[in-house]
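Atoms considered below: every heavy atom in the structure, side chains included; atoms not considered: hydrogens, waters and symmetry mates. Just so it is clear, the structure is predicted and the values come from calculations on it, not from any experiment. Atoms within a ligand are numbered from 1 in the order they appear, just like the ligands themselves.
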Amino acid sequence: RPRVLSGIQPTADSFHLGNFLGALRQWVDLQREHQPFFFIADQHAITVEHDPKLLRERTLRCVAQLLAAGVDPARSAVFVQSHVPEHSQLSWVLQCLTGFGEARRMTQFKDKSAKGGEGAASVGLFTYPILQAADILLYRPHYVPVGEDQRQHLELTRDLAQRFNHRFKKTFRLPEPYILKATAKIGDLQEPTAKMSKSASSPSGIVEMLDPPAASAKKIRSAVTDSDTEIRYDPETKPGVSNLLTIHSALTGTAIGDLEEQYAGRGYGDLKKELADIVVDLVTPFRDRTLELLDDQQHLTDVLAQGAEQARAVAQATLADVYRRVGFVAAA
Ligand code: TYM
């Protein structure tokens, strides 16, 4: 079975609808016919200032949410990045193959360091994409299901894999990004041209999967639209309405064209109200199940222990190849 790998950062109390539609749903779907490795990127989460207690809590909340979304530990290895030291070990080797200028071109570093200035950003934030390349290449996956914002990191990953294979010997598989066009970039409800994001300026634009459902319904009903009245998909001139149609279509499986017909002659209020109900139907059981899972932390840590064991078996074998190929003498 083809391998799949992906990760998520434990940097928020809750996944948001962008994470769910852009990535998680695909993780769950791909489980059936692939061999998946899904992990919580706790090492990536310390590239910016963080609170240790929160990080610990959020890491477990991530596991619970993955399981609540339908990730099945019997099919997928679910683990925490820091439990598999090979990620950092391979990252070092890849750092030595990455050009300084090449790393500097990563737009996420530019965006994230923009606020405090480059001088205030950590070196870890700078090398973040190289750790991500290591995360991926260790498992030799065929596909990496992510949202559009990860595309550049996937390109770097492929470049590094190719470079290593060329300079040493064929070791890594070139992974394909698995990015579904329809849900690759879910917009913020208040600022629909920007992606829905944990670091958004206002919480009212983000549908948090673990918020009380009524709060999410309210956010949908207050979503920014435009001064026109027509319900039509046109991201250029009607980003707000188009984003709502995208979310509706993704959750109901109705084609956008059919939705346009269905809502012809009706007002934005109708669309928002119906979408609010659809979102409530999604988040209510998700939230209940997550809270239930969080009551049994032993189960969560058992899942992680089993996942780390499966992951390490693969990661150790890849790292051993890499060490041999770069000329490290084997430890006796
Ligand atoms: P993270 O934690 O920011 O996001 C997790 C996943 O959610 C997707 N996503 C979105 N998709 C559509 N619309 C949005 N508004 C939206 N917001 C987020 C992201 O694209 C991602 O797939 N660097 C990664 C974590 C990571 C990783 C990896 C991923 C570390 N190592 C190896 C894949 C492979 C990140 O910060 O994702």
Side-chain angles (χ1 to χ4, degrees), residues 3-28 30 36-48 55 58-59 61-62 65-66 69 71 79-82 84 87-88 90-91 94 106-109 111-112 124-125 127-158 160-161 175-200 205-209 235 239 243 246-247 250 311 315:
R3 282 213 188 128
V4 166
L5 171 129
S6 199
I8 187 159
Q9 290 197 74
T11 43
D13 291 332
S14 168
F15 292 166
H16 58 65
L17 193 58
N19 301 135
F20 181 79
L21 291 177
L24 272 188
R25 246 185 14 163
Q26 282 65 261
W27 297 15
V28 173
L30 288 166
F37 293 85
F38 298 132
F39 71 96
I40 295 146
D42 58 347
Q43 291 178 289
H44 279 111
I46 65 165
T47 55
V48 291
L55 177 60
R58 287 170 167 177
T59 300
R61 284 170 89 86
C62 277
Q65 291 178 89
L66 291 180
V71 170
F79 63 99
V80 175
Q81 189 180 32
S82 64
V84 186
H87 290 238
S88 335
L90 177 59
S91 174
L94 296 178
M106 296 292 117
T107 54
Q108 208 167 65
F109 177 74
D111 295 347
K112 287 198 182 173
L125 186 64
T127 57
Y128 177 118
I130 308 171
L131 176 59
Q132 182 163 350
D135 297 338
I136 299 171
L137 297 177
L138 269 180
Y139 300 90
R140 299 181 165 124
H142 296 75
Y143 304 108
V144 182
V146 287
E148 182 62 38
D149 60 349
Q150 300 301 314
R151 191 183 289 280
Q152 198 188 31
H153 293 162
L154 265 286
E155 276 161 16
L156 176 71
T157 302
R158 288 172 58 93
L160 292 176
E176 296 286 341
Y178 184 92
I179 302 176
L180 293 191
K181 206 162 162 235
T183 51
K185 185 184 160 196
I186 301 297
D188 182 284
L189 297 177
Q190 290 300 317
E191 221 179 302
T193 51
K195 70 168 182 193
M196 189 178 283
S197 155
K198 298 170 212 187
S199 48
I206 315 164
V207 175
E208 306 274 12
M209 302 290 292
N243 191 38
T246 296
I247 297 171

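Side-chain contact between F38 and I8: absent, with no pair of heavy atoms (C-beta onward) separated by less than 4.5 Å. Looking at heavy atoms from C-beta onward, V207 lies out of side-chain contact with F20 at the 4.5 angstrom threshold. The side-chain heavy atoms of V84 and F37, taken from C-beta on, include no pair separated by under 4.5 Å.
Only the backbone of A184 comes within contact range of ligand 1, with a heavy atom under 4.0 Å; no side-chain atom does. Under 4.0 Å from ligand 1, the heavy atoms of H16 that appear belong solely to its side chain. Contacts of Q9 with ligand 1, taken as heavy-atom pairs under 4.0 Å, involve both backbone and side chain.
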Exercise for the section: Just do the side-chain hydrogen bond (donor to acceptor under 3.5 Å, both in side chains) check on Q81 and D135 with the steps written out, would you? Expected result: CA-CA 8 Å; Q81 189 180 32; D135 297 338; 2.9 Å; yes
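Atom 19 (C) of ligand 1 has as its closest protein heavy atom D149 OD1, 3.4 Å. Protein heavy atom in closest approach to atom 25 (C) of ligand 1: G7 O, 3.7 Å. The protein heavy-atom contact nearest to atom 31 (N) of ligand 1 is D135 OD2, 2.7 Å. Scanning the protein for heavy atoms near atom 13 (N) of ligand 1, the closest one is I186 N, 2.9 Å. Closest protein heavy atom to atom 9 (N) of ligand 1: N19 ND2, 3.8 Å. Of all protein heavy atoms, the one closest to atom 27 (C) of ligand 1 is Q132 NE2, 3.5 Å.
Considering both main-chain and side-chain atoms, Q150 comes within under 3.5 Å of ligand 1 through a nitrogen or oxygen pair. In terms of polar-atom proximity, I136 is not counted as a contact of ligand 1, lacking any N or O under 3.5 Å from an N or O of the ligand. Below 3.5 Å of separation, one finds an N or O of M196 facing an N or O of ligand 1. Between H153 and ligand 1, not a single N/O pair is under 3.5 Å apart. Annotation: E148 places no N or O atom under 3.5 Å from an N or O atom of ligand 1; distance criterion only. Considering backbone and side-chain atoms together, G18 places an N or O closer than 3.5 Å to an N or O of ligand 1.
Checking side-chain atoms of H87 against main-chain N and O of L131 turns up no donor-acceptor pair under 3.5 Å. Judged by distance alone, with hydrogens and angles left aside, the side-chain atoms of Q132 form no donor-acceptor pair with the main-chain N or O of Y128 at under 3.5 Å. At distances below 3.5 Å, not a single donor-acceptor pair connects side-chain atoms of E148 with backbone N or O atoms of L180.
Shown in contact with Y128 at under 4.0 Å from a heavy atom are these atoms of ligand 1, numbered in order with element: 23 (N), 24 (C), 35 (C), 36 (O). Listed by atom number, the atoms of ligand 1 under 4.0 Å from G22 heavy atoms are 11 (N), 12 (C). Under a 4.0 Å criterion applied to the non-hydrogen atoms of F39, ligand 1 contributes the atoms 28 (C), 31 (N), 32 (C). Ligand-side atoms of ligand 1 in range of H44: 30 (C), 31 (N), range being under 4.0 angstrom from any heavy atom. For ligand 1 and I8, the ligand atoms under 4.0 Å from any heavy atom of the residue are 2 (O), 5 (C). Atoms of ligand 1 found under 4.0 Å from any heavy atom of T183, numbered from 1 in the order shown, are 12 (C). The distance from ligand 1 to the heavy atoms of A23 drops below 4.0 Å at these ligand atoms: 6 (C), 7 (O), 22 (O). Near K198, meaning under 4.0 Å from one of its heavy atoms, ligand 1 places the atoms 1 (P), 2 (O), 3 (O).
In this structure, F15 falls outside the shell of residues with a heavy atom less than 4.0 angstrom from ligand 1. In this structure, Q108 falls outside the shell of residues with a heavy atom less than 4.0 angstrom from ligand 1. Residue contacts with ligand 1 do not include S197, since none of its heavy atoms lies under 4.0 Å from the ligand.
In terms of heavy atoms, A133 sits closest to L160 at CB-CD1, 3.9 Å. Scanning both residues, L24 and A69, for their nearest heavy atoms gives CD1-CB, 4.3 Å. Shortest non-hydrogen contact noted between V4 and P145 is CG1-CD, 3.5 Å.
Q9 pairs in a side-chain contact (heavy atoms from CB on, under 4.5 Å) with only one of the listed residues (Q43, H44, R58), which is H44. Put simply, the residue from Q152, H153, K112 that forms a side-chain hydrogen bond (donor to acceptor under 3.5 Å, both in side chains) with T107 is Q152.
With rounding to the nearest 0.5 Å, the separation of CD1 in I40 from OG1 in T11 is 11.5 Å.
Between E155 and R158, none of the side-chain N atoms (NZ, or NE/NH1/NH2) sits under 4.0 Å from a carboxylate O, so this pair counts as no salt bridge. Salt bridge status for D188 with K195: absent, with no side-chain N to carboxylate O gap under 4.0 Å.
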